[in-house]
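So you know, we letter chains A, B, ... as the sequences are listed, proteins then strands, and number each from 1.
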There are 2 protein chains.
Amino acid sequence: MSKYKGILDHIARYVELSDSEIEEFTSILKTTRVKKRQFIVQPGFVSEYRNYIVEGAVRVFYLDDLGKEHTVIIAIEDWFFTDFYSYIHRTPAEYYAEALEDSLILQMKYEDVEELCNRIHPLCQYFRLFTERSMAYSYKRTISNISKTSEERYWEYVNKYPQIANRVPQYVLASYLGISPESLSRIRSRS
Amino acid sequence: MSKYKGILDHIARYVELSDSEIEEFTSILKTTRVKKRQFIVQPGFVSEYRNYIVEGAVRVFYLDDLGKEHTVIIAIEDWFFTDFYSYIHRTPAEYYAEALEDSLILQMKYEDVEELCNRIHPLCQYFRLFTERSMAYSYKRTISNISKTSEERYWEYVNKYPQIANRVPQYVLASYLGISPESLSRIRSRS
DNA sequence: AAAAATGCTTGACTTTTATCAAGGAATAAA
DNA sequence: TTTATTCCTTGATAAAAGTCAAGCATTTTT
């Protein structure tokens, strides 16, 4: 099965592309394999790509002044990731993107995406609609962060993404939820 | 000066529309005046519109089971607001949008926006690019929420939006930052 | 101008979560 | 299979923030 099937299905959930448009789109995709613990994005370098995960798992995290990690994105198959601010504004990244497992990713360069979105209206629609949905989801996470207790956020995540919760290290999940690893361990033990 | 100037300038920051496209776009805008404390969106009703503030201030908040308010958006002139999840998925809203001041807003219906985005490529580009920027910003807020102390979040907000911090009630700002009103009062007093 | 409602502050106390430190379990490397 | 490394757990303590309650100040309403 083509390595493009996943991403093309993803697009097809929103818009219909002609065969030639599909061909144009797949032609900008760069296939990359990364090993566990490898960095795909690093502070100081512009995040050139939107990345789609065909197989594997990746996280995007921020390393603060005290050396603590704060995870913004935990992504598995069929998810996109990048340092979005860096990608869009063409400024040096502030985050790391790190492979949590050996992964196969598809990368599309900013300039190529913009060029295609200018030319291909349905593709522009796809990114618009998909980003709007991501935005709606992002508000939900914000509400969760400002209104729920650590314990509530943990169980909410486990219910929503049971497969991910068991797949990534606990300290990664803790740093995603804004909880110390010790506290997360205690939350899990009392129940 | 036209009440449309602000929103048209906003669009012009991203794309160029022809006169007829501008005409088509402005024709879907509904002008609404709301009084302070009036609700523009309420739980149970679908959030039909994307709302743009010409003059005034609005907040979007969630009322939890314990009766506590959690503010997701504080918006003033030249900002958009809606219950994004409800607006996009056409499901009943979970949030309130409440005018913090007497306000003048421009409302565009979901169906009209979709129809125009289908027909007018530059408008689709506008919403895509703008939403992507909102998304990049949203990640910053997430990082702030999971990695910073209440005090840091407060000063970060005051530095970023000094005019808003002095314009909205303190308990609104507290509920936006995920802090109790009492704690915010104490944070302000020690400095 | 008086009364009511709203918003802010402060104190005392409680709860939650973080921190520091040590040890154990599991996994990966030699 | 032994040794390292990584990850998780647990206990003791400290810090941060929330809660409850009362009072004051400001604005709005009558």
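Look at CZ on A:Arg190: it is 14 Å from C1' on D:dT9, rounded to the nearest Å. Rounded to whole angstrom, the span from the CD1 atom of B:Ile187 across to the P atom of C:dT10 amounts to 14 Å. One can place NZ of B:Lys148 at 17 Å from P of D:dA16, the figure rounded to the nearest angstrom. One can place CG of A:Leu100 at 14 Å from C1' of D:dT6, the figure rounded to the nearest angstrom. Distance B:Gln170 CD to D:dA25 P: 16 Å, rounded to the nearest Å. To the nearest angstrom, P of C:dA5 lies 16 Å from NZ of B:Lys36. Atom CG of A:Leu173 and atom P of D:dT6 are 20 Å apart (whole Å). Between B:Tyr171 atom OH and C:dT10 atom C1' there is a gap of 20 Å when expressed in whole angstrom units.
A:His121 and B:His121 have tilted rings, their planes meeting at an angle from 30° to 60° on a 0 to 90° scale. Classified by interplanar angle (parallel below 30°, tilted 30° to 60°, perpendicular above 60°), the ring pair B:Tyr161/B:Tyr157 is tilted. Note on ring orientation: taking the six-membered ring where Trp is involved, the planes of A:Tyr62 and A:Tyr95 are perpendicular (angle over 60°, cut-offs 30° and 60°). Between B:Tyr52 and B:His10, the ring planes are perpendicular. Angles over 60° get that label, and only those under 30° would be called parallel.
In the interface, the side chain of A:Arg37 is not paired with the base of D:dT5 through any donor and acceptor atom under 3.5 Å apart.
Between the side chains of B:Ser180 and B:Ser183, at least one donor N or O sits under 3.5 Å from an acceptor N or O.
Residue contacts for B:Ser183: at a heavy-atom cut-off of 4.0 Å it reaches a base atom on one of the strands shown. Contacts of A:Ile179 with the nucleic acid, taken as non-hydrogen atoms under 4.0 Å apart, involve only primed sugar atoms and P, OP1 or OP2. A:Ser180 comes within 4.0 angstrom of a base, heavy atoms only.
For the pair A:Lys68 and C:dT19, the criterion of a side-chain N or O lying under 4.0 Å from OP1 or OP2 is met.
Side chain of A:Ser150, nearest nucleotide from D:dT19, C:dT17, D:dT10: C:dT17.
The residue among A:Thr149 and A:Glu182 whose nearest nucleotide of DNA chain C lies closer to the 5′ end is A:Thr149.
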